[in-house]
Amino acid sequence: MTTLKQTPLNAAHRAMGAKMVDFGGWDMPVNYGSQIDEHHQVRRDCGMFDVSHMRVVDMKGEGVRAFLRYLLANNADKLTTPGKALYSTMLRPDGGVIDDLIIYFMNETWFRIVVNAGTADKDIAWMKEQAASHAPNLTITPREDLAMIAIQGPNARAKVWEAMPGSEELSRNLVPFSAVEMGEMFIARTGYTGEDGFEIMIPVKAAPFFWASLAEKGVKPIGLGARDTLRLEAGMNLYGQDMDETVNPLESGLAWTVDLKSERNFIGKAALLAHPPTRKLAGLLLTDRGVLRGHQKVHTTHGEGEITSGSFSPTLEKSIALARVPSGVAVGDMVQVSVRDKMLNAQVVKYPFARNGKGLI
Amino acid sequence: MSNPENLKYTASHEWVRTEADGTVSIGITQHAQELLGDMVFVEAPAVGRHLDAREECAVVESVKAAADVYAPVAGTVTEANSELDGSPESINQDPYAAWMFKMKPDNPGDVSALMDAAAYQTFVDSEAH
(Lines give C-alpha, C1' and ligand atoms only; values in the text may rest on other atoms or scores of the structure.)
Protein backbone atom coordinates (compact mmCIF):
# COMPACT_ATOMS: atom_id res chain seq x y z
CA MET A 1 0.00 0.00 0.00
CA THR A 2 1.35 3.40 -0.94
CA THR A 3 1.25 6.24 1.53
CA LEU A 4 -1.21 8.98 0.66
CA LYS A 5 0.16 12.48 0.22
CA GLN A 6 -0.98 15.03 2.76
CA THR A 7 -1.56 18.76 2.48
CA PRO A 8 -0.38 21.06 5.32
CA LEU A 9 -4.02 21.17 6.51
CA ASN A 10 -4.42 17.42 7.00
CA ALA A 11 -4.45 17.61 10.80
CA ALA A 12 -6.89 20.55 10.68
CA HIS A 13 -9.34 18.53 8.54
CA ARG A 14 -9.24 15.63 10.96
CA ALA A 15 -9.74 17.95 13.93
CA MET A 16 -12.81 19.40 12.18
CA GLY A 17 -14.36 15.95 11.77
CA ALA A 18 -13.64 15.46 8.08
CA LYS A 19 -14.31 12.19 6.37
CA MET A 20 -11.05 11.61 4.52
CA VAL A 21 -10.73 9.75 1.21
CA ASP A 22 -8.01 8.79 -1.24
CA PHE A 23 -8.34 11.44 -3.93
CA GLY A 24 -5.86 10.62 -6.68
CA GLY A 25 -3.19 9.67 -4.17
CA TRP A 26 -3.96 12.55 -1.78
CA ASP A 27 -5.61 12.11 1.62
CA MET A 28 -8.37 14.72 1.25
CA PRO A 29 -11.63 15.68 3.02
CA VAL A 30 -14.71 14.59 1.04
CA ASN A 31 -17.06 16.20 3.57
CA TYR A 32 -17.21 17.32 7.19
CA GLY A 33 -20.77 16.01 7.73
CA SER A 34 -23.36 16.70 5.05
CA GLN A 35 -22.22 17.34 1.48
CA ILE A 36 -25.56 18.97 0.63
CA ASP A 37 -25.34 21.37 3.59
CA GLU A 38 -21.81 22.29 2.52
CA HIS A 39 -23.00 22.92 -1.03
CA HIS A 40 -25.75 25.29 0.14
CA GLN A 41 -23.32 26.95 2.54
CA VAL A 42 -21.19 28.07 -0.42
CA ARG A 43 -24.12 29.19 -2.62
CA ARG A 44 -25.76 31.11 0.23
CA ASP A 45 -22.91 32.39 2.43
CA CYS A 46 -19.35 31.17 2.06
CA GLY A 47 -17.04 28.25 2.71
CA MET A 48 -13.37 27.33 2.44
CA PHE A 49 -11.71 24.53 0.51
CA ASP A 50 -8.23 23.09 0.89
CA VAL A 51 -6.96 22.88 -2.69
CA SER A 52 -3.30 22.56 -1.76
CA HIS A 53 -3.11 19.35 -3.81
CA MET A 54 -3.25 21.50 -6.95
CA ARG A 55 0.18 22.55 -8.22
CA VAL A 56 1.45 26.09 -8.68
CA VAL A 57 4.16 26.37 -11.33
CA ASP A 58 6.22 29.50 -11.94
CA MET A 59 7.55 29.99 -15.46
CA LYS A 60 10.21 32.66 -15.68
CA GLY A 61 12.63 34.15 -18.18
CA GLU A 62 12.86 36.18 -21.37
CA GLY A 63 10.38 34.97 -23.96
CA VAL A 64 7.96 33.29 -21.56
CA ARG A 65 4.95 34.89 -23.28
CA ALA A 66 6.05 33.67 -26.72
CA PHE A 67 6.53 30.16 -25.33
CA LEU A 68 3.05 30.10 -23.75
CA ARG A 69 1.59 31.35 -27.06
CA TYR A 70 2.94 28.14 -28.57
CA LEU A 71 2.30 25.80 -25.61
CA LEU A 72 -1.38 26.58 -24.93
CA ALA A 73 -4.62 26.53 -26.96
CA ASN A 74 -5.78 29.86 -25.56
CA ASN A 75 -3.74 32.92 -26.47
CA ALA A 76 -1.45 34.36 -23.80
CA ASP A 77 -1.56 37.64 -25.76
CA LYS A 78 -5.05 38.20 -24.33
CA LEU A 79 -3.24 39.01 -21.06
CA THR A 80 -2.07 42.62 -21.10
CA THR A 81 -2.62 43.77 -17.50
CA PRO A 82 -0.34 42.37 -14.78
CA GLY A 83 -2.29 40.03 -12.48
CA LYS A 84 -4.83 39.08 -15.15
CA ALA A 85 -5.69 35.39 -15.49
CA LEU A 86 -6.59 33.20 -18.46
CA TYR A 87 -8.14 29.72 -18.57
CA SER A 88 -6.69 27.41 -21.19
CA THR A 89 -6.17 23.83 -22.20
CA MET A 90 -2.75 22.38 -23.00
CA LEU A 91 -2.95 20.00 -25.95
CA ARG A 92 -1.08 17.11 -27.49
CA PRO A 93 -0.15 17.45 -31.17
CA ASP A 94 -3.26 15.36 -32.00
CA GLY A 95 -5.49 17.82 -30.10
CA GLY A 96 -6.06 15.61 -27.03
CA VAL A 97 -6.25 17.53 -23.77
CA ILE A 98 -3.19 17.07 -21.52
CA ASP A 99 -4.72 19.30 -18.85
CA ASP A 100 -6.76 22.43 -18.25
CA LEU A 101 -5.10 25.20 -16.30
CA ILE A 102 -5.06 28.86 -15.35
CA ILE A 103 -2.19 31.17 -16.22
CA TYR A 104 -1.59 34.48 -14.45
CA PHE A 105 0.42 37.19 -16.21
CA MET A 106 2.69 38.73 -13.57
CA ASN A 107 5.24 40.51 -15.81
CA GLU A 108 7.01 39.92 -19.11
CA THR A 109 9.46 37.49 -17.51
CA TRP A 110 7.05 35.73 -15.11
CA PHE A 111 3.79 33.84 -15.65
CA ARG A 112 2.28 31.74 -12.86
CA ILE A 113 0.38 28.57 -13.82
CA VAL A 114 -2.00 26.44 -11.73
CA VAL A 115 -2.51 22.85 -12.89
CA ASN A 116 -4.56 19.90 -11.63
CA ALA A 117 -3.23 17.64 -8.88
CA GLY A 118 -3.51 14.33 -10.70
CA THR A 119 -1.81 15.63 -13.85
CA ALA A 120 0.85 17.87 -12.28
CA ASP A 121 3.87 15.62 -12.81
CA LYS A 122 2.92 14.84 -16.41
CA ASP A 123 2.19 18.54 -17.11
CA ILE A 124 5.53 19.73 -15.77
CA ALA A 125 7.40 17.05 -17.71
CA TRP A 126 5.58 18.14 -20.90
CA MET A 127 6.29 21.83 -20.28
CA LYS A 128 9.97 21.12 -19.69
CA GLU A 129 10.19 18.92 -22.77
CA GLN A 130 8.65 21.63 -24.95
CA ALA A 131 10.75 24.36 -23.36
CA ALA A 132 13.94 22.37 -23.99
CA SER A 133 13.41 22.71 -27.74
CA HIS A 134 11.59 26.05 -27.94
CA ALA A 135 12.70 28.15 -24.96
CA PRO A 136 15.70 26.53 -23.25
CA ASN A 137 16.45 29.64 -21.18
CA LEU A 138 13.15 29.49 -19.24
CA THR A 139 12.99 28.19 -15.68
CA ILE A 140 9.96 26.08 -14.76
CA THR A 141 9.57 25.75 -11.01
CA PRO A 142 6.85 23.75 -9.22
CA ARG A 143 6.00 25.64 -6.03
CA GLU A 144 5.49 22.84 -3.54
CA ASP A 145 6.25 25.41 -0.85
CA LEU A 146 2.83 26.99 -1.51
CA ALA A 147 -0.50 25.79 -0.13
CA MET A 148 -3.77 26.94 -1.67
CA ILE A 149 -7.08 27.74 0.03
CA ALA A 150 -10.22 28.68 -1.91
CA ILE A 151 -12.80 30.82 -0.11
CA GLN A 152 -16.01 30.91 -2.14
CA GLY A 153 -19.51 32.31 -1.81
CA PRO A 154 -21.27 35.69 -1.78
CA ASN A 155 -19.65 36.61 1.56
CA ALA A 156 -16.25 35.07 0.86
CA ARG A 157 -14.27 38.21 0.10
CA ALA A 158 -15.58 40.05 3.17
CA LYS A 159 -14.61 37.11 5.38
CA VAL A 160 -11.10 37.02 3.97
CA TRP A 161 -10.74 40.74 4.62
CA GLU A 162 -11.84 40.17 8.24
CA ALA A 163 -9.46 37.26 8.72
CA MET A 164 -6.42 38.75 7.02
CA PRO A 165 -5.42 42.25 8.13
CA GLY A 166 -4.28 44.40 5.23
CA SER A 167 -5.84 42.26 2.51
CA GLU A 168 -8.86 44.46 1.87
CA GLU A 169 -6.87 47.46 0.69
CA LEU A 170 -4.96 45.31 -1.80
CA SER A 171 -7.80 43.20 -3.13
CA ARG A 172 -10.95 45.33 -2.85
CA ASN A 173 -10.67 46.53 -6.45
CA LEU A 174 -9.47 43.24 -7.88
CA VAL A 175 -11.65 42.47 -10.91
CA PRO A 176 -12.86 38.89 -11.46
CA PHE A 177 -10.21 36.59 -12.94
CA SER A 178 -7.22 38.55 -11.75
CA ALA A 179 -4.73 38.36 -8.90
CA VAL A 180 -2.46 40.42 -6.70
CA GLU A 181 0.57 39.57 -4.58
CA MET A 182 0.56 40.28 -0.87
CA GLY A 183 4.03 39.62 0.46
CA GLU A 184 4.60 35.88 0.12
CA MET A 185 0.91 35.36 -0.54
CA PHE A 186 -1.04 35.55 -3.76
CA ILE A 187 -4.71 36.53 -3.82
CA ALA A 188 -6.69 35.59 -6.94
CA ARG A 189 -10.35 36.38 -7.57
CA THR A 190 -10.97 33.01 -9.18
CA GLY A 191 -12.70 29.77 -8.23
CA TYR A 192 -14.40 26.57 -9.24
CA THR A 193 -17.88 26.99 -7.79
CA GLY A 194 -19.74 29.60 -9.83
CA GLU A 195 -19.62 31.96 -6.84
CA ASP A 196 -17.54 35.03 -6.12
CA GLY A 197 -14.49 34.56 -3.94
CA PHE A 198 -10.76 34.13 -3.78
CA GLU A 199 -8.20 31.42 -4.28
CA ILE A 200 -5.25 32.24 -2.04
CA MET A 201 -1.77 30.82 -2.29
CA ILE A 202 0.13 30.94 0.96
CA PRO A 203 3.43 29.50 2.20
CA VAL A 204 2.91 25.98 3.53
CA LYS A 205 4.11 26.95 7.02
CA ALA A 206 1.52 29.75 7.29
CA ALA A 207 -1.44 27.80 5.86
CA PRO A 208 -2.73 26.19 9.10
CA PHE A 209 -2.81 29.56 10.86
CA PHE A 210 -4.70 31.20 7.99
CA TRP A 211 -7.18 28.29 7.85
CA ALA A 212 -7.75 28.62 11.60
CA SER A 213 -8.19 32.40 11.29
CA LEU A 214 -10.89 31.90 8.65
CA ALA A 215 -12.60 29.28 10.82
CA GLU A 216 -12.53 31.72 13.73
CA LYS A 217 -14.44 34.22 11.56
CA GLY A 218 -17.10 31.59 10.98
CA VAL A 219 -15.99 30.31 7.58
CA LYS A 220 -17.09 26.68 7.29
CA PRO A 221 -14.82 24.03 5.77
CA ILE A 222 -16.16 22.44 2.56
CA GLY A 223 -15.13 19.03 1.26
CA LEU A 224 -14.31 17.86 -2.24
CA GLY A 225 -17.77 16.29 -2.52
CA ALA A 226 -19.50 19.68 -2.52
CA ARG A 227 -16.70 21.10 -4.67
CA ASP A 228 -17.73 18.62 -7.36
CA THR A 229 -21.48 19.39 -7.24
CA LEU A 230 -20.76 23.15 -7.17
CA ARG A 231 -18.51 23.00 -10.23
CA LEU A 232 -20.96 20.76 -12.10
CA GLU A 233 -23.85 23.16 -11.43
CA ALA A 234 -21.57 25.99 -12.57
CA GLY A 235 -20.95 24.09 -15.82
CA MET A 236 -17.22 23.79 -15.27
CA ASN A 237 -15.35 20.82 -16.72
CA LEU A 238 -13.46 18.35 -14.57
CA TYR A 239 -10.28 16.99 -16.11
CA GLY A 240 -10.29 13.20 -16.31
CA GLN A 241 -14.10 13.08 -16.52
CA ASP A 242 -15.33 15.69 -19.00
CA MET A 243 -12.14 15.70 -21.05
CA ASP A 244 -8.83 13.88 -21.23
CA GLU A 245 -6.12 13.03 -23.75
CA THR A 246 -8.57 11.12 -25.98
CA VAL A 247 -10.81 14.12 -26.78
CA ASN A 248 -10.14 17.64 -27.98
CA PRO A 249 -11.41 20.86 -26.39
CA LEU A 250 -13.87 21.56 -29.25
CA GLU A 251 -15.71 18.36 -28.29
CA SER A 252 -15.56 19.27 -24.60
CA GLY A 253 -17.50 22.53 -24.43
CA LEU A 254 -14.23 24.47 -24.45
CA ALA A 255 -14.26 26.07 -27.92
CA TRP A 256 -14.43 29.45 -26.16
CA THR A 257 -10.98 28.79 -24.68
CA VAL A 258 -9.34 27.90 -28.01
CA ASP A 259 -8.04 30.76 -30.09
CA LEU A 260 -8.09 29.63 -33.72
CA LYS A 261 -8.48 33.16 -35.10
CA SER A 262 -4.99 34.56 -34.59
CA GLU A 263 -2.18 33.56 -36.91
CA ARG A 264 -0.04 32.10 -34.14
CA ASN A 265 0.77 28.41 -34.21
CA PHE A 266 0.21 26.31 -31.10
CA ILE A 267 0.56 22.64 -30.26
CA GLY A 268 -2.58 20.85 -31.46
CA LYS A 269 -3.78 23.62 -33.77
CA ALA A 270 -3.24 21.71 -37.02
CA ALA A 271 -5.17 18.71 -35.67
CA LEU A 272 -8.09 20.88 -34.53
CA LEU A 273 -8.32 22.54 -37.95
CA ALA A 274 -8.05 19.22 -39.77
CA HIS A 275 -10.81 17.51 -37.80
CA PRO A 276 -13.95 19.58 -37.28
CA PRO A 277 -15.80 18.28 -34.20
CA THR A 278 -18.58 15.72 -34.62
CA ARG A 279 -19.47 15.63 -30.94
CA LYS A 280 -20.07 18.26 -28.30
CA LEU A 281 -20.68 18.58 -24.59
CA ALA A 282 -24.34 19.14 -23.65
CA GLY A 283 -26.14 19.82 -20.39
CA LEU A 284 -28.84 17.35 -19.33
CA LEU A 285 -31.66 17.79 -16.85
CA LEU A 286 -33.30 14.54 -15.74
CA THR A 287 -37.09 14.82 -15.99
CA ASP A 288 -37.74 11.33 -14.56
CA ARG A 289 -36.85 10.33 -11.01
CA GLY A 290 -33.32 9.05 -10.44
CA VAL A 291 -29.72 10.21 -10.55
CA LEU A 292 -27.51 10.62 -13.63
CA ARG A 293 -23.94 9.35 -13.28
CA GLY A 294 -20.77 9.33 -15.34
CA HIS A 295 -20.51 6.71 -18.15
CA GLN A 296 -24.26 6.15 -18.53
CA LYS A 297 -25.26 5.85 -22.20
CA VAL A 298 -27.33 8.65 -23.75
CA HIS A 299 -29.67 7.81 -26.63
CA THR A 300 -30.53 10.64 -29.03
CA THR A 301 -32.11 10.84 -32.49
CA HIS A 302 -28.61 11.69 -33.78
CA GLY A 303 -26.92 8.67 -32.24
CA GLU A 304 -25.45 7.60 -28.92
CA GLY A 305 -23.59 9.68 -26.41
CA GLU A 306 -22.24 9.24 -22.90
CA ILE A 307 -22.52 11.13 -19.64
CA THR A 308 -19.16 12.52 -18.55
CA SER A 309 -20.26 13.96 -15.18
CA GLY A 310 -23.60 13.42 -13.49
CA SER A 311 -24.97 14.06 -10.03
CA PHE A 312 -27.83 15.37 -7.99
CA SER A 313 -27.98 19.17 -8.07
CA PRO A 314 -28.67 20.45 -4.54
CA THR A 315 -29.65 23.88 -5.92
CA LEU A 316 -32.17 22.57 -8.50
CA GLU A 317 -33.11 19.50 -6.40
CA LYS A 318 -32.95 17.50 -9.63
CA SER A 319 -30.33 15.41 -11.31
CA ILE A 320 -28.09 17.10 -13.88
CA ALA A 321 -25.25 15.97 -16.11
CA LEU A 322 -22.75 16.91 -18.74
CA ALA A 323 -22.76 14.47 -21.65
CA ARG A 324 -20.73 14.09 -24.82
CA VAL A 325 -23.30 13.72 -27.62
CA PRO A 326 -23.41 13.98 -31.43
CA SER A 327 -23.14 17.60 -32.64
CA GLY A 328 -26.69 17.59 -34.04
CA VAL A 329 -28.27 17.37 -30.58
CA ALA A 330 -29.84 20.72 -29.67
CA VAL A 331 -31.05 22.50 -26.54
CA GLY A 332 -34.66 21.50 -25.90
CA ASP A 333 -34.28 17.97 -27.30
CA MET A 334 -35.49 15.07 -25.18
CA VAL A 335 -33.02 12.19 -24.82
CA GLN A 336 -33.05 8.86 -22.98
CA VAL A 337 -30.40 7.73 -20.54
CA SER A 338 -29.73 4.09 -19.64
CA VAL A 339 -29.80 3.87 -15.86
CA ARG A 340 -29.43 0.26 -14.69
CA ASP A 341 -32.31 -1.63 -16.36
CA LYS A 342 -34.34 1.50 -17.20
CA MET A 343 -34.41 4.24 -19.82
CA LEU A 344 -34.95 7.60 -18.15
CA ASN A 345 -36.00 10.82 -19.92
CA ALA A 346 -33.79 13.88 -19.82
CA GLN A 347 -33.92 17.24 -21.52
CA VAL A 348 -30.97 18.92 -23.20
CA VAL A 349 -30.52 22.29 -21.52
CA LYS A 350 -28.18 25.23 -21.80
CA TYR A 351 -25.66 25.20 -18.96
CA PRO A 352 -24.41 26.49 -16.43
CA PHE A 353 -27.18 25.05 -14.30
CA ALA A 354 -26.63 27.36 -11.32
CA ARG A 355 -24.39 30.26 -10.40
CA ASN A 356 -24.30 33.15 -7.95
CA GLY A 357 -26.73 31.56 -5.52
CA LYS A 358 -29.42 30.84 -8.09
CA GLY A 359 -30.61 28.01 -10.28
CA LEU A 360 -30.59 29.00 -13.96
CA ILE A 361 -32.83 26.24 -15.36
CA MET B 1 -25.86 5.46 17.12
CA SER B 2 -25.78 1.78 18.08
CA ASN B 3 -27.59 -0.93 16.17
CA PRO B 4 -30.95 -1.83 17.81
CA GLU B 5 -30.92 -5.17 19.62
CA ASN B 6 -34.37 -6.19 18.33
CA LEU B 7 -33.33 -6.20 14.66
CA LYS B 8 -31.52 -8.68 12.44
CA TYR B 9 -28.76 -7.68 10.02
CA THR B 10 -27.16 -8.79 6.75
CA ALA B 11 -23.60 -8.67 5.44
CA SER B 12 -24.84 -6.26 2.73
CA HIS B 13 -25.88 -3.79 5.47
CA GLU B 14 -29.66 -4.17 5.52
CA TRP B 15 -31.58 -4.32 8.78
CA VAL B 16 -34.66 -6.56 9.17
CA ARG B 17 -37.49 -6.13 11.67
CA THR B 18 -40.16 -8.81 12.17
CA GLU B 19 -43.59 -7.19 12.48
CA ALA B 20 -46.60 -8.48 14.47
CA ASP B 21 -48.35 -9.60 11.25
CA GLY B 22 -45.46 -11.86 10.26
CA THR B 23 -44.06 -9.55 7.56
CA VAL B 24 -40.56 -8.11 7.82
CA SER B 25 -39.56 -4.46 7.29
CA ILE B 26 -36.24 -3.77 5.60
CA GLY B 27 -34.00 -0.74 5.61
CA ILE B 28 -30.29 0.09 5.44
CA THR B 29 -28.10 0.35 8.52
CA GLN B 30 -26.52 3.33 10.21
CA HIS B 31 -23.15 2.14 8.93
CA ALA B 32 -24.44 2.00 5.33
CA GLN B 33 -26.00 5.47 5.41
CA GLU B 34 -22.80 6.88 6.94
CA LEU B 35 -20.73 5.44 4.11
CA LEU B 36 -23.08 6.72 1.42
CA GLY B 37 -23.78 10.20 2.80
CA ASP B 38 -26.71 12.45 1.86
CA MET B 39 -29.50 10.37 0.30
CA VAL B 40 -31.27 11.83 -2.71
CA PHE B 41 -33.15 8.92 -4.32
CA VAL B 42 -34.78 5.67 -3.24
CA GLU B 43 -36.29 3.01 -5.48
CA ALA B 44 -38.16 0.20 -3.73
CA PRO B 45 -39.15 -3.10 -5.36
CA ALA B 46 -42.64 -3.51 -6.86
CA VAL B 47 -45.32 -4.84 -4.53
CA GLY B 48 -46.11 -8.47 -5.35
CA ARG B 49 -42.63 -9.24 -6.68
CA HIS B 50 -41.09 -12.46 -5.40
CA LEU B 51 -37.47 -12.15 -4.35
CA ASP B 52 -34.80 -14.73 -3.79
CA ALA B 53 -32.52 -14.36 -0.79
CA ARG B 54 -29.69 -11.90 -1.58
CA GLU B 55 -31.38 -10.80 -4.83
CA GLU B 56 -30.75 -7.18 -5.88
CA CYS B 57 -34.13 -5.55 -5.46
CA ALA B 58 -33.87 -1.87 -4.55
CA VAL B 59 -31.56 1.08 -4.97
CA VAL B 60 -30.52 3.96 -2.75
CA GLU B 61 -28.58 6.83 -4.23
CA SER B 62 -26.70 9.49 -2.33
CA VAL B 63 -25.17 12.61 -3.86
CA LYS B 64 -21.99 10.58 -4.05
CA ALA B 65 -22.99 7.11 -5.26
CA ALA B 66 -25.65 4.53 -6.02
CA ALA B 67 -25.92 1.37 -3.92
CA ASP B 68 -27.95 -1.79 -4.39
CA VAL B 69 -30.18 -3.14 -1.66
CA TYR B 70 -30.58 -6.91 -1.41
CA ALA B 71 -33.43 -9.09 -0.20
CA PRO B 72 -32.34 -10.44 3.21
CA VAL B 73 -34.42 -13.61 2.79
CA ALA B 74 -36.64 -15.14 0.10
CA GLY B 75 -40.20 -13.83 0.05
CA THR B 76 -42.81 -11.60 -1.56
CA VAL B 77 -42.86 -7.80 -1.41
CA THR B 78 -46.01 -6.62 0.38
CA GLU B 79 -45.50 -2.87 0.70
CA ALA B 80 -43.09 -0.08 -0.32
CA ASN B 81 -42.55 3.03 1.78
CA SER B 82 -43.61 5.73 -0.67
CA GLU B 83 -42.90 8.44 1.90
CA LEU B 84 -39.20 8.00 1.20
CA ASP B 85 -39.72 9.21 -2.41
CA GLY B 86 -40.21 12.74 -1.16
CA SER B 87 -37.81 12.56 1.77
CA PRO B 88 -34.90 10.21 1.11
CA GLU B 89 -32.95 12.17 3.73
CA SER B 90 -34.98 10.40 6.46
CA ILE B 91 -32.61 7.48 5.89
CA ASN B 92 -29.74 9.71 7.06
CA GLN B 93 -31.73 11.18 9.92
CA ASP B 94 -33.08 7.92 11.38
CA PRO B 95 -32.02 4.85 9.40
CA TYR B 96 -33.80 2.41 11.73
CA ALA B 97 -37.14 4.19 11.34
CA ALA B 98 -36.84 4.70 7.58
CA TRP B 99 -37.95 1.29 6.30
CA MET B 100 -37.82 0.88 2.52
CA PHE B 101 -40.10 -2.07 1.91
CA LYS B 102 -41.84 -4.99 3.62
CA MET B 103 -41.94 -8.58 2.58
CA LYS B 104 -43.61 -11.82 3.60
CA PRO B 105 -40.79 -14.36 4.03
CA ASP B 106 -41.26 -17.76 2.38
CA ASN B 107 -39.82 -19.30 5.50
CA PRO B 108 -39.92 -17.23 8.74
CA GLY B 109 -37.04 -19.35 10.07
CA ASP B 110 -34.72 -17.70 7.51
CA VAL B 111 -34.95 -14.42 9.41
CA SER B 112 -33.72 -15.85 12.71
CA ALA B 113 -30.65 -17.19 10.91
CA LEU B 114 -29.49 -13.61 10.10
CA MET B 115 -26.92 -11.77 12.23
CA ASP B 116 -27.95 -10.20 15.53
CA ALA B 117 -26.77 -6.72 16.54
CA ALA B 118 -23.57 -7.92 18.22
CA ALA B 119 -22.59 -10.19 15.32
CA TYR B 120 -23.26 -7.38 12.84
CA GLN B 121 -21.11 -4.95 14.83
CA THR B 122 -18.26 -7.47 14.84
CA PHE B 123 -18.72 -7.86 11.08
CA VAL B 124 -18.61 -4.07 10.49
CA ASP B 125 -15.49 -3.73 12.63
CA SER B 126 -13.78 -6.53 10.72
CA GLU B 127 -14.65 -4.90 7.36
CA ALA B 128 -13.01 -1.67 8.50
CA HIS B 129 -9.64 -3.37 8.91
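Each chain gets a letter, A, B and so on, in the order its sequence line appears, and its residues count up from 1.
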(Q) Counting only heavy atoms not in B:E83 (residues, nucleotides, ligands), do more than 12 fall under 6.0 Å from its CD? (A) no
Q: Can you measure from CZ (A:R340) to CD (B:E61) and round to the nearest 0.5 angstrom?
A: 4.5 Å
Q | B:K64 to A:V30 - nearest heavy-atom pair and separation | A | CD-CG2, 4.4 Å
Side-chain donor-acceptor contacts of residues 218-228 of chain A below 3.5 Å, not counting sequence neighbours, with atom names and distances?
from: A:D228; atom 1: OD1; to: A:R231; atom 2: NE; distance (Å): 2.9
from: A:D228; atom 1: OD1; to: A:R231; atom 2: NH2; distance (Å): 3.1

(Q) With a 4.5 angstrom heavy-atom cut-off, is it the side chain or the backbone of A:S34 that approaches chain B, or both, or neither? (A) both
Q: Identify which of A:E317, A:K19, A:R293 forms the greatest number of heavy-atom pairs closer than 4.5 Å to chain B.
A: A:R293
Q.
Need one label for A:R289: side chain, backbone, both or neither, based on atoms under 4.5 Å from any heavy atom in chain B.
A. both
Q) Do other residues, nucleotides or ligands put more than 12 heavy atoms under 6.0 Å from A:K318 NZ? A) no
Q. Can you say whether B:V42 sits under 4.5 Å from chain A via the side chain, the backbone, both, or neither, judging by heavy atoms?
A. backbone
Q. Once you round to the nearest 0.5 Å, how far does CD1 of A:I36 lie from CG of B:N92?
A. 8.0 Å
Q: Please determine, among B:S62, B:G37, B:A65, the option with the most heavy-atom pairs under 4.5 Å with chain A.
A: B:A65
Q | Test item: B:E43 and A:K342 side chains (from C-beta on) under 4.5 Å apart, heavy atoms | A | yes
Q.
Please find the pair of heavy atoms, one from B:V63 and one from A:Q35, that lie closest to each other, and give the distance.
A. CG1-NE2, 3.1 Å
